[in-house]
Amino acid sequence: MDGNGRWAQRRSLPRTAGHRAAEAAVIDVIEAARGAGVEWLSLYAFSTENWNRPGTEVEFLMRLVRRVVRKHAPLLHARGIRCRFLGVGDPRIPRELARDFDDLAVLTADNRRMTLTVAFDHGGRRDIVEAARSLIRSGTPADEVTERLFADHLPFPDTPEVDLVIRTSGEQRISNFMLWQVAYAEWVFPELLWPDFRAPDFLACLHAYRRRDRRFGGVPTPTNGDPS
């Protein structure tokens, strides 16, 4: 969800105004995904690298996220959305915010209409390192390690492989996001800045995804006798 700062800068506003404006886009996309039948949605809200931002901005983000979580928890639960938080391992996260994350996860644990994973204090490399440490601690012999077994030691191992990654603002890089799970994901890079991104834009990305020919390293299925 990229472009909050630039959105604010173009309006001669502080960066915090862009983060505040992003809330409407978040809720709009969640509702659009649910309405379109998407069963798994992940939002990259705060990376392990985002701790390098100015302290005042980080503090604002922590307060904003807490307000958003508390404000929308009843709606998410009423919509049958299961909420999970990927990361949340840094001691710099305020205890009150971490508690709100836990409370929302417990409140919505039995919901199955859609699973919403919020990646907060998330880093794909860290997840892979932690999975390797978990395998070592389990005493698994090296020659018994498979991709499936390795994936079982990642956080939330029931999460399916990522099908589609949408990165707004025109930026075209992974930024340490779910590195293991995006191995065969399709990518869409809308030019819109995140605060301007809305349900029709999300649905356009889904439409673009449906037109993709996903071969997973294979070859296209022949049609009309065409062997190519």
Worksheet item: Short question: side chain of Arg212, backbone of Trp187 - any donor-acceptor pair under 3.5 Å?
Response: yes
Response to the item:
Value for OG1 (Thr108) from CZ (Arg113), rounded to nearest 0.5 Å, stands at 15.0 Å
Discussion item. Let me check something: do Leu64 and Leu43 share a hydrophobic cluster, defined by ILVMFWY side-chain heavy atoms less than 4.5 Å apart, either directly or through other members?
Written reply: no
Discussion item. Is a donor from one side chain sitting under 3.5 angstrom from an acceptor on the other, for Arg126 and Thr48?
Written reply: no
Discussion item. With rounding to the nearest 0.5 angstrom, report the CD to CD distance, Glu191 to Glu171.
Written reply: 9.5 Å
Practice prompt. Mark yes or no for whether Asn176, through its side chain, and Arg125, through its backbone, hold a donor-acceptor pair below 3.5 Å.
Written response: yes
Discussion item. How close do Val58 and Arg53 get, counting heavy atoms only, and between which atoms?
Written reply: CG2-O, 3.8 Å
Item to complete: Heavy atoms only: give me the nearest Phe197-Pro190 pair and the separation to one decimal.
Response: CE1-CG, 3.9 Å
Fill in: Main-chain N/O of Phe177 paired to Ser175 side chain as donor or acceptor, under 3.5 Å
no
Worksheet item: Around Glu147, counting heavy atoms of other residues, nucleotides and ligands shown, do more than 12 lie under 6.0 Å from its CD?
Response: no
Discussion item. Would Arg84 and Thr159 count as a side chain to side chain donor-acceptor pair (under 3.5 Å) here? Give the steps.
Written reply: CA-CA 11 Å; Arg84 307 197 296 191; Thr159 302; 3.2 Å; yes
Fill in: Thr115 vs Asp158 side-chain heavy atoms within contact, under 4.5 Å
no
Worksheet item: Going through the checks in order, is the side-chain contact (heavy atoms from CB on, under 4.5 Å) test met by Val65 and Val118?
Response: CA-CA 11 Å; Val65 170; Val118 178; over 6 Å; no
Practice prompt. Step by step, work out the side-chain contact (heavy atoms from CB on, under 4.5 Å) result for Ile30 and Met114.
Written response: CA-CA 9 Å; Ile30 292 173; Met114 184 173 79; 4.0 Å; yes
Worksheet item: When rounded to the nearest 0.5 angstrom, what is the spacing between CG in Asp121 and CZ in Arg92?
Response: 7.5 Å
Worksheet item: Which atoms form the tightest heavy-atom contact between Val165 and Val182, and what is the distance?
Response: CG2-CG1, 4.0 Å
Worksheet item: So how far is it from Gln181 CD to Ser42 OG, rounded to the nearest 0.5 Å?
Response: 8.5 Å
Worksheet item: Within a reach of under 6.0 Å around CD of Glu39, are more than 12 heavy atoms found that belong to other residues, nucleotides or ligands?
Response: no
Worksheet item: Between Ala33 and Phe202, what is the shortest heavy-atom contact and its length?
Response: CA-CE2, 3.6 Å
Worksheet item: What do you reckon, is CD of Gln9 surrounded by more than 12 foreign heavy atoms closer than 6.0 Å?
Response: no
Item to complete: For the residue pair Arg6 and Ser169, establish whether any side-chain heavy-atom pair is separated by less than 4.5 Å.
Response: yes
Discussion item. Can a donor-acceptor pair be found, under 3.5 Å and without considering hydrogens, that links the side chain of Thr140 to the backbone of Val145?
Written reply: no
Discussion item. Closer than 3.5 angstrom, by distance alone: can the side chain of Asp102 be matched with the main-chain N or O of Arg99 as a donor-acceptor pair?
Written reply: no
Response to the item:
Per ring pair (Phe, Tyr, Trp, His ring centres under 6.0 Å), Phe120 is matched among Phe101, Trp51, Phe85, Tyr44 by Phe101
Worksheet entry | Stepwise side-chain contact (heavy atoms from CB on, under 4.5 Å) test for Trp194 and Val26 | CA-CA 9 Å; Trp194 175 251; Val26 168; 3.9 Å; yes
Worksheet entry | Atom CZ of Arg95: over 12 foreign heavy atoms under 6.0 Å | no
Fill in: More than 12 heavy atoms from other groups under 6.0 Å of CZ on Arg214
yes
Fill in: Spacing of Glu161 atom CD and Met178 atom CE [to the nearest 0.5 Å]
10.0 Å
Item to complete: Decide yes or no on side-chain contact (heavy atoms from CB on, under 4.5 Å) for Asp127 and His122, but give the supporting numbers first.
Response: CA-CA 8 Å; Asp127 285 353; His122 163 68; 3.1 Å; yes
Worksheet item: With the 4.5 Å side-chain cut-off for hydrophobic clustering, are Val68 and Leu76 part of the same group?
Response: no
Practice prompt. Determine whether His72 and Glu23 make a side-chain contact, defined as any pair of heavy atoms from C-beta on separated by less than 4.5 Å.
Written response: yes
Worksheet entry | Cluster check Phe60, Met62: I/L/V/M/F/W/Y, side chain < 4.5 angstrom | no
Worksheet, complete the sentence: Output for pair (Asn50 CG, Leu61 CG), nearest 0.5 Å, gives 7.5 Å
Worksheet entry | Enclosure of Phe156 CZ (heavy-atom neighbours >12, cutoff 6.0 Å) | yes
Response to the item:
For Ile166 and Cys205 the tightest heavy-atom approach is CD1-CB, 3.6 Å
Worksheet entry | Same apolar cluster: Met1 and Trp7, side chain cutoff 4.5 Å | no
Item to complete: Give the cluster check for Val188 versus Trp40: same hydrophobic cluster or not, with ILVMFWY residues linked at side-chain heavy-atom distances below 4.5 Å.
Response: no
Fill in: Non-hydrogen atoms of Leu154 and Ala131 that approach each other most closely
CD2-CB, 3.8 Å
Worksheet entry | Presence of salt bridge, Arg15 and Glu57, under 4.0 angstrom | yes
